[in-house]
Amino acid sequence: MSSPGLNQTDALIEQLEAALNPRQLEAVTYGDGPLLVLAGAGSGKTRVLTFRVAYLVAASDIPLHDIMAVTFTNKAAGEMKERLGELLGSAVDRMWVGTFHSLCARVLRRHLDAIGIRGDFVIYDADDSLRLVKRIQNDLAISTTDYPPRQIRGSISRAKNDLIDVEIYDQRARGSYQHVVTDIYKKYEKRLRSHNALDFDDLLVMPVRLFEERPDILDLYRNRFRYLLVDEYQDTNHAQYILLSMLASAHRNLCVVGDDDQSIYRWRGAQVRNILEFESEYPDAKVVRLERNYRSTANILRAASGVVTNNVSRKSKRLWTDREPGAPVVVVQAIDERDEATQVARRVLDLRTKGHSLGDQVVLYRINAQSRAFEETLTSNGIPYRIIGGLRFYERREIKDILAYLRVAFNPLDELSLSRIINVPPRGVGERSLQQLRSFAEERGITLFDAVLICREDDPPMELDLRGRARAGLKALGELLADLRSKIQDHHVGELTAATVKTLQIIEKLEEERSLEAEGRIENIKELLAATQAYQGSDGKGSTGEFLEEVSLVTQVDEAEFGGELLTLMTLHCAKGLEFPVVFIVGVEDGLLPWHRGLKDPEELEEERRLFYVGMTRAKERLVLTYASSRYQGGFGMGSQGVSRFLKEIPSDCISKGDFSVRSTPRWRKPSRPKPQPRIEGEAVLDYSSSQVPPSVILAMGKRVKHPEYGTGLVVARHGFGSDLEVDVRFSDGGIIRFPAEGSGLKPLGFEE
DNA sequence: CATTTAAAAGTTTTT
DNA sequence: CTTTTAAATG
């Protein structure tokens with residue numbers, strides 16, 4: 001690809017200059033040396049980052065090959081690449097863009113031998129490492145009630161992110177808890193190595209170790225990357241900080257962009273200190289402040305600023321806008337979480353008539369569990385929605401089970417995955433047979449995987465005393481694994497997945513169950529089959545290893561497809577970096593937002609305040625805040641500690657007074673009995689025919705529908721999936737008729753009972 | 001050994 | 001209220 005001609009370059013530079021304000025331009029065109037861009041919410045930092053790269057290439061003739069950019073999601077990375085491709089009109093594949101985790105994985109794959117990894121590694125997600133911790137506690141006879149595995153895992157993870165290895169942890173360990181952690185940490189690391197696996201934290205830690213031990217390899221990278229750009233710098237942890245220092249140590253062209261007010265990941269090791277002390281770390285750093293907000297109306301911005309200024313530890317800054325005041329921030333008091341959901345639904349529909357499509361609106365909450373009340377209300381009112389986060393696709397049980405087969409075939413040393421699938425689907429291999437197999441492997445000094453392969457033999461060795469069912473089961477498993485293993489290198493991942501699903505008869509078995517749950521699983525498995533078949537790795541060959549890596553590094557936002565006529569629901573954390581015309585923040589109550597722990601610890605409280613601030617500043621046109629006077633909390637009855645203290649920090653003149661009332665309800669109020677699901681009055685507002693809503697959503701179980709010939713009826717059963725979907729509808733005369741979901745003329749019947 | 005049933009325990013946020 | 005773990009049954 002030839003570089004743009006001189007005229008073209010000039011035109012591009014001119015274009016950049018015209019599109020930017022003076023501050024942004026300063027950041028984009030600043031020359032060599034460390035650069036700190038303090039970018040307030042909505043001040044166009046993503047544009048600055050992208051344009052800076054474009055400028056480096058166009059004006060200074062820096063090859064994309066020499067630039068690395070770190071983004072917060074893979075999606076953001078993709079968008080940046082796409083935009084750069086448009087701006088520069090050339091291939092951008094030579095530039096390294098991605099999240100810390102995916103870039104690190106890339107580095108590690110290139111130096112497997114140097115990090116002491118034989119063959120190839122698999123990546124353990126949070127669930128995998130938790131399983132590993134549990135298993136170890138079991139082996140070491142450490143009570144999981146006295147020492148909750150989640151907490152242990154958290155301690156190990158935090159230590160790793162702070163670059164505290166087992167030896168240092170051991171030296172510093174004080175008290176019985178830390179000594180127990182030491183024992184588990186030791187074994188945990190040992191198992192990871194013997195399984196040829198890396199956990200999420202290893203992805204950051206191992207490159208640091210690699211660069212420490214092999215200065216020659218570090219040189220390779222620090223000489224290559226003449227320019228480093230990092231987004232969301234306020235959320236980097238210690239390991240990431242060190243990594244950046246190492247990479248920047250040759251050229252010192254480190255450009256970090258962030259906003260200390262938006263730091264929300266302290267709990268997973270992020271250190272705001274990294275951004276606050278950037279200037280003392282790099283005394284010659286140029287600092288550019290972006291304080292002009294282009295996103296939100298003046299009212300929204302004033303409300304958000306009013307809240308965040310209550311934080312003590314922050315760099316002072318003043319966001320401003322010349323936009324119109326806009327609608328006031330609406331505060332809604334609800335009776336309980338159901339009422340809250342109903343009120344939100346009502347407003348969503350109202351705003352829809354005012355030109356904000358469902359896709360323009362988002363509901364943000366503090367914890368995933370809050371989504372349930374909304375799902376119920378939205379479903380029963382026929383409002384289509386999508387949830388981002390929660391249980392991820394690739395973390396679902398049936399999906400992880402199938403992936404575990406691929407992982408074992410890819411890396412036979414992965415004993416965690418192997419023991420996961422050894423009896424899934426049930427093949428008569430219980431604790432006993434597994435133990436049998438383990439000790440056999442140990443005796444012979446072979447891996448568990450090889451032991452399973454030996455089970456294929458017609459006359460297995462005498463030592464391997466297995467009973468009938470287990471023996472047959474392991475034989476079949478051994479054959480499948482041997483087959484997968486032999487094909488792993490030169491067969492497409494879709495082929496291997498299909499072979500696994502077919503051999504194990506997974507779909508057939510689920511179909512026998514005939515339950516709604518099984519139906520959902522089948523749908524997921526078909527989606528996995530489609531995804532693997534469509535997969536093309538970097539070389540277009542669909543390598544299983546590459547697929548597995550990609551799958552373990554997708555972020556929650558990556559998975560989501562935006563657009564379409566769907567209301568979006570997600571946590572405040574997920575909303576980072578996004579923007580919506582209409583934002584609802586729900587559950588704005590003490591104990592929830594701020595979360596309980598924040599009420600005790602001042603630093604936590606500030607983080608909760610920042611989280612609220614992040615949520616508020618996602619809104620472009622309208623912001624609605626809701627809270628409930630009482631809230632159902634699991635089985636423990638009601639709890640709501642009343643309006644959030646943060647709400648009182650919003651200047652009263654940018655709030656809609658009509659709905660604002662701060663009277664608190666008596667704490668001793670009896671929990672109200674579950675009421676029938678409230679319905680929104682009126683005719684159906686949504687015109688499904690014009691939207692992109694799939695029939696599977698419209699024709700959900702229990703939905704009221706209308707047929708042009710037969711009149712109104714109720715969906716009582718569903719058969720098949722996707723375009724094969726058929727539904728049984730019971731009409732008022734009691735007759736049940738089966739229709740194909742598409743082209744049947746069935747229409748949803750709004751909100752009447 | 002697997003499946004079913006009963007009791008118990010657990011709930012922030014995520015790469 | 002849901003999910004996970006333990007015990008009891010087939």
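Within every chain, numbering begins at 1; the chains are lettered A, B, ... in the order of the sequence lines, protein sequences first and strands thereafter. Since this is a predicted model, take the numbers as computed values, not measurements.
Remark: C1' of dT14(B) and CG of Asp201(A) are 11 Å apart, rounded to the nearest angstrom. Tyr365(A) places its OH atom 12 Å from the C1' atom of dT13(B), with the value rounded to the nearest Å. Residue Asp558(A) contributes atom CG, which lies 14 Å from atom P of dT14(B) at whole-angstrom precision. To the nearest angstrom, P of dT15(B) lies 10 Å from CG of Asn74(A). Per the geometry, CD belonging to Gln151(A) stands 11 Å off P belonging to dG10(B), to the nearest Å. As rounded to whole Å, 11 Å separates atom P of dA2(B) from atom CZ of Arg427(A). As a whole-Å value, the separation of Leu243(A) CG from dT15(B) P is 19 Å. Atom NE2 in His573(A) sits about 8 Å away from atom C1' in dT14(B), given to the nearest Å.
Arg150(A) comes within 4.0 angstrom of the backbone, heavy atoms only, and of no base. Contacts of Val554(A) with the nucleic acid, taken as non-hydrogen atoms under 4.0 Å apart, are absent. Nucleic acid contact class of Asp125(A) (heavy atoms, under 4.0 Å, all strands): none. Lys134(A) comes within 4.0 angstrom of sugar-phosphate atoms only, judged by non-hydrogen atoms across all strands, and of no base. Looking at heavy-atom distances under 4.0 Å, Tyr265(A) makes contact with sugar-phosphate atoms alone, never a base. Among the protein residues, Arg597(A) comes within range of the nucleic acid bases, having at least one heavy atom under 4.0 Å from a base atom.
Although no hydrogens or angles enter the test, the distance criterion places a donor-acceptor pair under 3.5 Å between the side chain of Asn411(A) and the main chain of His195(A). No donor-acceptor distance shorter than 3.5 angstrom exists from the side chain of Thr236(A) to the backbone of Glu232(A), with no hydrogens or angles considered. Judged by distance alone, the side chain of Glu608(A) and the main-chain N or O of Trp595(A) form a donor-acceptor pair under 3.5 Å. With Asp339(A) contributing its side chain and Ala334(A) its backbone, the two residues share no donor-acceptor pair below 3.5 Å.
For Arg610(A) and Glu607(A), the salt-bridge test passes: some basic side-chain N is under 4.0 Å from an acidic carboxylate O.
Nearest-nucleotide positions on DNA chain B for Thr73(A) and Gly430(A) put Gly430(A) closer to the 5' end. Nearest-nucleotide mapping onto DNA chain B: of Gln556(A) and Leu434(A), the residue sitting toward the 5' end is Leu434(A).
A gap of 22 Å separates the C1' atoms of dT13(B) and dT4(C), to the nearest Å.
Of the side-chain N and O atoms in Asn368(A), one or more sit less than 4.0 angstrom from OP1 or OP2 of dT14(B). The shortest distance between the side-chain N/O atoms of Ser433(A) and the OP1/OP2 oxygens of dC1(B) is below 4.0 Å. Distances shown here put a side-chain N or O of Asn423(A) below 4.0 Å from the OP1 or OP2 atom of dA2(B).
Out of dC1(C), dT3(B), dT15(B), the shortest distance to the side chain of Pro426(A) is found at dT3(B).
Checked by atom type, the side-chain pair Thr626(A)/Glu340(A) shows a donor-acceptor distance below 3.5 Å.
Phe72(A) carries Lys576(A) over the face of its six-membered ring, with the cationic atom under 6.0 Å from the centre and within 45° of the normal.
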Subject >> 5'-to-3' dot-bracket of DNA chain B (Watson-Crick, G-U; under 3.5 angstrom; crossing pairs as [ ]; | other strand) >> reply: ||||||||||.....
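dT13(B) has its base stacked against the ring of Trp267(A), the centroids being under 5.5 angstrom apart at an interplanar angle below 30°.
The heavy-atom pair separating Glu604(A) from Gly598(A) by the smallest distance is CB-CA, 3.7 Å.
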